[in-house]
Every structure is written in structure tokens, then in C-alpha cells.
Amino acid sequence: MEGTVFAPALEGMKHVKSEEGEMLTKPFLEVCKQILPVIDKFGAAMALVKTDVGGNITRLENKYLSNPEEFQNLYSMVKVEVAAKTAKGSSSCTNGLLWLTRAMDFIVELFRNIMEHEDWAMSQVCTEAYTKTLKKFHGWLASSTFTMAMKLAPDRKKFMDVVAGKGDISSDIEKFCATFTPLLQENHKFLASLGLDDMKA
């Protein structure tokens, strides 16, 4: 494999926005899909996250495929649901986008911890990222399941060797965090403007 596991996502991020600066559905979902192999490298610790992310990508993708022209821009799905008053439903695309964005916040935070805290064990890297991002939106059950799963985090050095491939992993992680964060913040800002950014599980 050329480059690190982040290479495809970093390439994909260049195409997420239209010339007008609109977030595009297909490229955004593609980038999220390219994060799945990264999540995979965590093994059992991230099985829940992977299932969750995969499910939300599929939900949004199906909606997009139902009318690629209408749903070319990511936020158009949300606007349609807001107008139909279905945005707050648990199976809505709005909910899918919100949880997908939160899961990606968690992944970014996790890799930021890896870069900033070289002395932390992987389980601490995961737990701190979880506490900072997802925990406040999870109920007790989801939270305890998650906390248990984090204990299965792989050995840090082995994990880094696996994700590095043939590239400069530190540089790619930094680029990934720096480039993806503003896109995720934009999703939150848009959802917050509609009062839809604080839905809990």
C-alpha cells in the first residue's frame, strides 16, 4: 500500500466542497468511508463505532441515491426533513449526519491524542477522546458498553506500525486532523443553526 491508511481520505477531502463552498454529499460520504479501514485497525475496541459509522453512511447514501440531483449538497437532505418535520426522528438522515459527524469528531480527537500524548496507552487515548466527544450524548448503556470496548484497544506501537504503511504517519495524522476538523465543525454549525445539534442517543 502506498502511503498511510489516511492517504485516500486526505485525497478525498480535496473534493468535499463545491466551487461555491457547499458541502457535497457523495465526496463527504466517500471520505467517511475511507476512515472505515482506519477504524478497522483498532479491532474489537472499535467494532461498535465501525457499525455505527457504516450504518449512518449507508442511510445517507441511500437518500442521496434516491435523487442525486436534489441531494447533491449534503445539507439539502436535512432541509427536506426539517420542512417535513421528520428531522428529529431516530431514523432520519439528519440524525444520521449528526451521529456520523460526532463519530468522526471522536476519531479526529483520538488521533490528536495519539500525536499530543506520546506516553499514553491506547486505551487512555481512546477513553479521553470518547469523554471529550461522544460521552455526553450517550445514555448510560451506550456509555458503559463503549467504556468496556475501549479496554480492548490494541497495543500502541503495533497499531502505529499497521496504520503507517509506507508513508509519514505523523504528518498524515496532523493533516487529517487539521483538514477534517473544519469540515466537521461546519456540519455542527449548520445543524446547530436549526437547533438539531444536541440530540441525544
Side-chain angles (χ1 to χ4, degrees), residues 4-13 15-16 23-65 71 74-75 77-78 81 89-114 122 125-139 141-143 145-150 152-154 159 162-163 172-173 176-177 179-188 190-191 196-201:
T4 68
V5 287
F6 288 102
L10 289 171
E11 184 49 44
M13 282 184 215
H15 312 289
V16 166
M23 194 84 74
L24 298 170
T25 308
K26 196 169 178 342
F28 178 77
L29 294 177
E30 285 301 320
V31 168
C32 293
K33 269 190 202 168
Q34 283 148 351
I35 308 294
L36 287 174
V38 181
I39 300 174
D40 231 7
K41 305 284 185 244
F42 281 94
M46 292 288 166
L48 273 171
V49 179
K50 191 178 177 212
T51 311
D52 198 44
V53 168
N56 286 323
I57 291 174
T58 305
R59 184 188 305 182
L60 294 164
E61 204 166 43
N62 288 342
K63 185 73 168 174
Y64 166 75
L65 292 171
F71 299 122
L74 187 58
Y75 302 154
M77 301 180 187
V78 176
E81 290 182 342
S90 60
S91 59
S92 69
C93 287
T94 305
N95 205 20
L97 176 61
L98 176 63
W99 283 101
L100 180 57
T101 303
R102 285 174 178 170
M104 292 298 151
D105 287 340
F106 165 65
I107 300 296
V108 169
E109 193 58 40
L110 194 154
F111 280 102
R112 197 171 277 136
N113 283 345
I114 285 180
M122 213 53 170
V125 163
C126 297
T127 305
E128 292 288 335
Y130 176 67
T131 304
K132 201 165 165 187
T133 54
L134 289 168
K135 192 173 182 181
K136 57 181 171 287
F137 302 113
H138 277 166
L141 187 67
S143 188
T145 311
F146 227 97
T147 310
M148 284 297 294
M150 295 301 138
L152 304 171
F159 174 78
V162 172
V163 291
D172 274 10
I173 289 178
F176 169 73
C177 294
T179 316
F180 208 23
T181 301
L183 298 173
L184 298 173
Q185 283 170 342
E186 198 168 313
N187 286 354
H188 284 301
F190 170 73
L191 290 164
L196 296 168
D197 196 42
D198 55 358
M199 291 194 279
K200 287 189 159 58

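When reading the values below, keep in mind they use all heavy atoms of this one structure, side chains included, and skip hydrogens, waters and symmetry mates.
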Identify every side-chain donor-acceptor pair in residues 98-111 under 3.5 Å, counting partners at least two apart or on other chains, and give the distances.
unit_1	atom_1	unit_2	atom_2	d
Trp99	NE1	Asn95	OD1	3.2
Thr101	OG1	Leu97	O	2.8
Thr101	OG1	Asn187	ND2	3.1
Arg102	NH1	Met199	O	2.7
Arg102	NH2	Asp197	O	3.0
Arg102	NH2	Met199	O	2.8
Asp105	OD2	His188	NE2	2.5
Glu109	OE1	Arg112	NH1	3.3
Glu109	OE2	Lys132	NZ	3.3

Distance-only donor-acceptor pairs under 3.5 Å for side chains of residues 47-56, two or more places apart:
unit_1	atom_1	unit_2	atom_2	d
Lys50	NZ	Asp40	OD1	3.2
Thr51	OG1	Ala47	O	2.8
Asn56	ND2	Asp52	O	3.3

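Met46 approaches Cys126 most closely through the heavy-atom pair CE-SG, 3.9 Å. In terms of heavy atoms, Ser143 sits closest to His138 at N-CB, 4.1 Å.
Residues that satisfy the side-chain contact (heavy atoms from CB on, under 4.5 Å) test with Pro8, not counting sequence neighbours, are Gln34. Among residues two or more places apart in sequence or in another chain, the salt bridge (Lys or Arg N to Asp or Glu O under 4.0 Å) test is passed with Arg59 by none. Listed by chain and residue number, Glu30, Glu61 satisfy the salt bridge (Lys or Arg N to Asp or Glu O under 4.0 Å) test with Lys33 (two or more places apart in sequence, or in another chain). When the side-chain contact (heavy atoms from CB on, under 4.5 Å) test is applied to Glu81, the partners found at least two apart in sequence or on another chain are Thr86, Ala87, Ser92, Cys93, Thr94.
Within the 4.5 Å cutoff, side-chain heavy atoms of Phe180 are placed close to those of Cys32. A 4.5 Å side-chain heavy-atom check between Phe176 and Ile35 finds at least one atom pair inside the cut-off.
In this structure, OG1 in Thr127 is found 10.0 Å from CZ in Phe146, a value given to the nearest 0.5 Å. Once rounded to the nearest 0.5 Å, the distance linking OG1 of Thr58 with NZ of Lys63 reads 15.0 Å. The CG atom of Leu24 sits 8.5 Å away from the OH atom of Tyr64 when rounded to the nearest 0.5 Å. Atom-to-atom distance recorded for Met13:CE and Phe6:CZ is 8.5 Å, nearest 0.5 angstrom. The NE2 atom of His15 sits 15.5 Å away from the CZ atom of Phe28 when rounded to the nearest 0.5 Å.
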